[in-house]
Every structure is written in C-alpha cells, then in structure tokens.
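I have placed the structure first, in the form of structure tokens, so that the comments after it can refer back to it.
Every number for a ligand or one of its atoms is a count from 1 in the order of the listing. Here, residue 1 is the first one in the sequence, and each next residue gets the next number.
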Amino acid sequence: MNLFKHVLGDDWGVHPEDHKRPAADRPVRTMPVPARLFLPLQQHLGAPARPVVLVGQKVKKGELIAEAQGMISAPLHAPTSGSIAAVTEITAPHPSGLSLQAIILEADGLDEWGELHGCADPFALDPAEIGKRVAAAGVVGLGGAAFPSAVKLNGASRSKVTTLIMNGGECEPYLSCDDRQMRDHAAAIVDGIRIMLHATGAAVALVGIEDNKPEAIAAMRAAAAGVDKVEIRPVPARYPMGSEKQLVQVLTGKEVPADGRTFDIGVIVHNVGTALAVRAAIREGKPLISRLLTVNGNCASEPGNIEVRIGTLAEEVLAFAGGLKGDGLGLARRVLGGPMMGMQIPHWRVPVVKGSSGILALDADEVVARDPNPCIRCGSCVKACPMGLLPLEMSARIRSEAYDEAVAYGLKDCIACGCCAYVCPSQIPLVQYFVHAKGELAAQDRSKLRNDATKKLALQRQERLEREARERAEAAAKRKAEREAAAAAKAAAEAATKAASASAAEGQGVV
Ligand code: SF4
Ligand code: SF4
C-alpha cells in the first residue's frame, strides 16, 4: 500500500520538448493494404484470442478470425479480404524480441467487406447491447493500453459511474495521432462520446485536451457546441497529463485511491480515438481493423500521421512514409509508441497492433545514453513524480532486493511514466529499476500461486486417497457382513429344514 497520500502540487511531472510538429500539421496519409498482414493473437490486455480459421481459408474484410477467450479479451478480425497463409509464431512487438502466436493473412487485393450490421439509431439500443457490439468488434483502448473497451463500458454501467473522461491529452512527445483525429473527425468523436454516455449511463463527458493542441480544442469545441453533456476542457501541457489518474484529478479534483480504480470514484476514462472506433462499431457495424499512428523521429524522412491496417509491418509503414534518412545510418533507437512509455523494438519487422500509437526512428541526439552517477539526493525525482512517490528510496530498496520495502514505498502505484529518470541529474535509470522490480514481484506472485495450487492439489489427492481407502474398507466390511448374514440365514434355513424333516418323520412313526 502507498504510505504517502498523493496530492498533485504545481510542480508534478516534466516538460520534455514535445517534437509534435511538423508531423501533427501534415494531412493524414492512408497506406495501401500490404501483401501480407501479421496479426498477433495477443494485442490487448487479457487472454489472447483463439483462432477460428484454418490455413487456406478465404476471408472477407472484417470477418472474425480469432475469438475472445475469457472475461478480459478481445477478438480479431481480418483487416482485408484474402486467405489465411499460416497460424504461426512471429516476433512480438515487444523489446524482448520473443515470439508470439499470430495469424498471417495474404491479401487478395480486392479489399472486400463481409456483411456488416450497423445501427442507424444507437440511442434506441439497450446499453448492454452496445457493450456486446463493442466487444464483438474487438475495440480496445487506442491510447496504448489496449484494454478491451467493452469491459470498461459494462463495468461503468454496473458501477454507476457518473463521469466519463475522454482522454485527448496525448502528453507523450512525438505523438500526434489523437490530435489529428480531433482536428479531422471532431463531429464523429463527439457522436462516439454520446454513444458511450448512453452505454455507461454517465451524466457528463469531460474531454481533456492539452493546451498545446489549439486546433484540436477549436475543432472539438465547434463539434460539441450545443451538444448536451459533452464539455471540452483544455488542460496544461505537461507529461504525464494523459495518465488516467492525473487527468482524472486535474479534471474532477477527485483522487483515485492508491491500489484503486477510477470506477471507485465514479469515473471512467477512455481515449478520444476509442470513441471513433466505438462509433464505427455501432453505427456501421465495423470491427477495429485499422488505426492512425504517428511516424516521427530525426531519422524519419517524412514525419506524419498514417492510417494503416492492423498487422502491417513497421518496416512497410516506414517505407510508405518516405523511408529512413541516410538509409538509417544514424538510427539509435526503434520505438513502438511514445519515447517515454513506448517499447523499444529489436528490428522493424514487427507488426502494428491495435495499441500502436507511433513508430519512432530516433537518432543519437534524441536518445541520451548516459552513464549513471551516484544519487546526490537533490529531490528532483520526488518533485517530478506525478504519483507522489519517493523514487530514490524505492530504487535504493530495489538495488538491495528489499522488494517488500519498495512496495511499502508505493512501488505498485508507480505508472512507469519515466518522469523521475528524465529529471535525474545523476542519470540513474530509475524507471528500469521499477519495471524490473515489478517483474520480479509478478514472478514471485506467480510462483506463490503455483506453489499454493500444487499444495492444494497434493492435499486434495491425499484426501481422495484417504476417502477411497475408507470407502474400500467400508465396502469390504459391508460385503463381510452380507456374507455372514447370508451364511447365518442359510444355516438357519438348513436347521429349519432339518427340524421340519425330523418332525415329519416322527409323525409317520419313523424312529
Ligand atoms: S516512473 Fe514511477 S516513480 Fe518515476 S515518476 Fe513515474 S510514477 Fe513516479
Ligand atoms: S533525482 Fe536522481 S540524484 Fe536526485 S534524488 Fe532522485 S535519484 Fe537522487
């Protein structure tokens, strides 16, 4: 549990250079469908999807190819028409470079939709039906977390949420896809927000947009003018303003409890891009098969925002976007997502997934590789931490492997935003410590669960063996008693027969 009550002062977070323009100001380009799409079964939080297609099977665009499994999961749909080339392992869009099960789809070039079932009047639908359709469309949070949106919508209506927060913060440097969506599709986003209000039963939607996006604020204000229950709220540009807990606190003044969820204070948070996907799922019956992402970084020849099909390889997106400057000689880091919370990837042959908000090709000037010095106890990390934690104390505990003490200092509340490491003059890789420690704790939890499960199974086996032995002994005793009863009955019958014969002989004068 966090020992420290978190109160946002004026100086939380950091102000990194945002690097959003010129990419944000360029018109969106739509990438043609590539020849092959690589679709990992796990591209959302929760259980991976389960394939429902066979190799060689022909599919239409939007057809279900893998179904959700379990409570928290999301299905996958064909991003174009074609045939299933393989269900196999590919490199995961993850720093580990490990492999992940995926469906490979070969495009037929026709890009033909299957049957779609939209709804002209979403407000006539039961809220639960909206949740069902959003789940069936495979919509997940498009801000990066990729949490299945329907789980949140359904949970909100059950938890009697009163406020829907729409996250248009996009505080990560370099990214501008949300900004572009708000500038280009403000009316559709507001429509999606109204559908989400209907689905959740929330009384009001507050759309938080950082004040470094004046064009988006203007477009959203125009679209929401006269629309009941939808309020556009500019917020100061500051990293990590787009983090759920920060945005909720800035917009509502309410604090999400440590170890708690936004539901606990009657709030639900969705990304503005998710509102567009929800609208498409409900009004047009279209599943989530493409997304807008930002290509950026000093090594990208033509930074900008590009609409791509899910499953397109990052290298093909980069090639479409103009390729790398100087054939990529100056490339220092490849990132999927933003530079603060995104994932460093080992090579470009990884696919765009539903949560991919950016592809960054960064040079050495943008990646400051520094050797750490000892902590000078300047306190900058404490000031910067948006969660009110003590990063220097947590990292000291983690270095000595005292993970429980780090947890007592609030490790579980750390959102891995990287603000502390960003401001540390000693260049201590604080966030890496926290990510490592969380991994260790998760491994310990898994091992404890496994041990507990093994103990439980051994106990159940022992109980079963004892019960079976008891049942065997009882059955043997019963059989013995039955045998003895039968023998006694037989003896009695024989004695009776004998007595009857003797008495008959006596009656006939036989002696
Ligand atoms: S990474 Fe964790 S400790 Fe560091 S600033 Fe962010 S929330 Fe605080
Ligand atoms: S910012 Fe770095 S040097 Fe300063 S107290 Fe925190 S860990 Fe130590």
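With salt bridges taken as basic N to acidic carboxylate O contacts below 4.0 Å, none links E215 and R180. Taking a cutoff of 4.0 Å between a charged side-chain nitrogen and a carboxylate oxygen, D445 and K448 do not qualify as a salt bridge.
Of all protein heavy atoms, the one lying nearest to atom 2 (Fe) of ligand 1 is C414 SG, 2.4 Å. When hydrogens are left out, the protein atom nearest atom 6 (Fe) of ligand 1 is C417 SG, 2.3 Å; that is the closest non-hydrogen contact. The protein atom (non-hydrogen) at minimum distance from atom 8 (Fe) of ligand 2 is C375 SG, 2.3 Å. Of the protein's heavy atoms, I415 N, 3.5 Å lies nearest to atom 7 (S) of ligand 1. The closest protein non-hydrogen atom to atom 5 (S) of ligand 1 is C420 N, 3.4 Å. Ranking the protein heavy atoms by distance from atom 4 (Fe) of ligand 2 puts C378 SG, 2.3 Å first. Protein heavy atom in closest approach to atom 3 (S) of ligand 1: F434 CE1, 3.5 Å.
With hydrogens and angles disregarded, a donor-acceptor distance shorter than 3.5 Å links the side chain of E366 to the backbone of N298. Using a distance-only test at 3.5 Å, with no hydrogens or angles considered, no donor-acceptor pair links the side chain of N296 to the main chain of L360. The backbone N or O of P48 sits less than 3.5 Å from a side-chain atom of Q69, completing a donor-acceptor pair.
Residues Y433 and I428 are in side-chain contact: their nearest non-hydrogen atoms beyond the backbone lie under 4.5 Å apart. In this structure, N167 and D178 have side chains that are not in contact, with every pair of non-hydrogen atoms separated by 4.5 Å or more. Looking at heavy atoms from C-beta onward, R26 lies out of side-chain contact with N305 at the 4.5 angstrom threshold.
Not one N, O or S atom of C381 sits under 2.8 Å from atom 8 (Fe) of ligand 1.
Contact annotation: for A416 versus ligand 1, heavy atoms closer than 4.0 Å belong to the backbone alone.
For the 3.5 Å distance criterion, the side chains of Q444 and Y403 fail to qualify, holding no donor opposite an acceptor.
Heavy-atom proximity to M387, at under 4.0 Å, picks out these atoms of ligand 1: 7 (S). Those atoms of ligand 1 that come under 4.0 Å of a heavy atom in G418, given as number and element, are 1 (S), 6 (Fe). Residue P386 has at least one heavy-atom neighbour below 4.0 Å for each of these atoms of ligand 1: 5 (S). Within ligand 1, counting atoms from 1 as listed, the ones closer than 4.0 Å to a heavy atom of M394 are 3 (S).
Residue contacts with ligand 1 do not include L430, since none of its heavy atoms lies under 4.0 Å from the ligand. Within the structure, ligand 2 lacks P391 among the residues with a heavy atom less than 4.0 angstrom away. In this structure, G410 does not count as a contact residue of ligand 1, since none of its heavy atoms falls inside 4.0 Å of the ligand. Residue contacts with ligand 2 do not include V423, since none of its heavy atoms lies under 4.0 Å from the ligand.
Residue K132 places its NZ atom among 12 or fewer non-hydrogen atoms of other residues, nucleotides or ligands, all under 6.0 Å distant. Within 6.0 Å of CD in Q432 there are 12 or fewer heavy atoms belonging to other residues, nucleotides or ligands.
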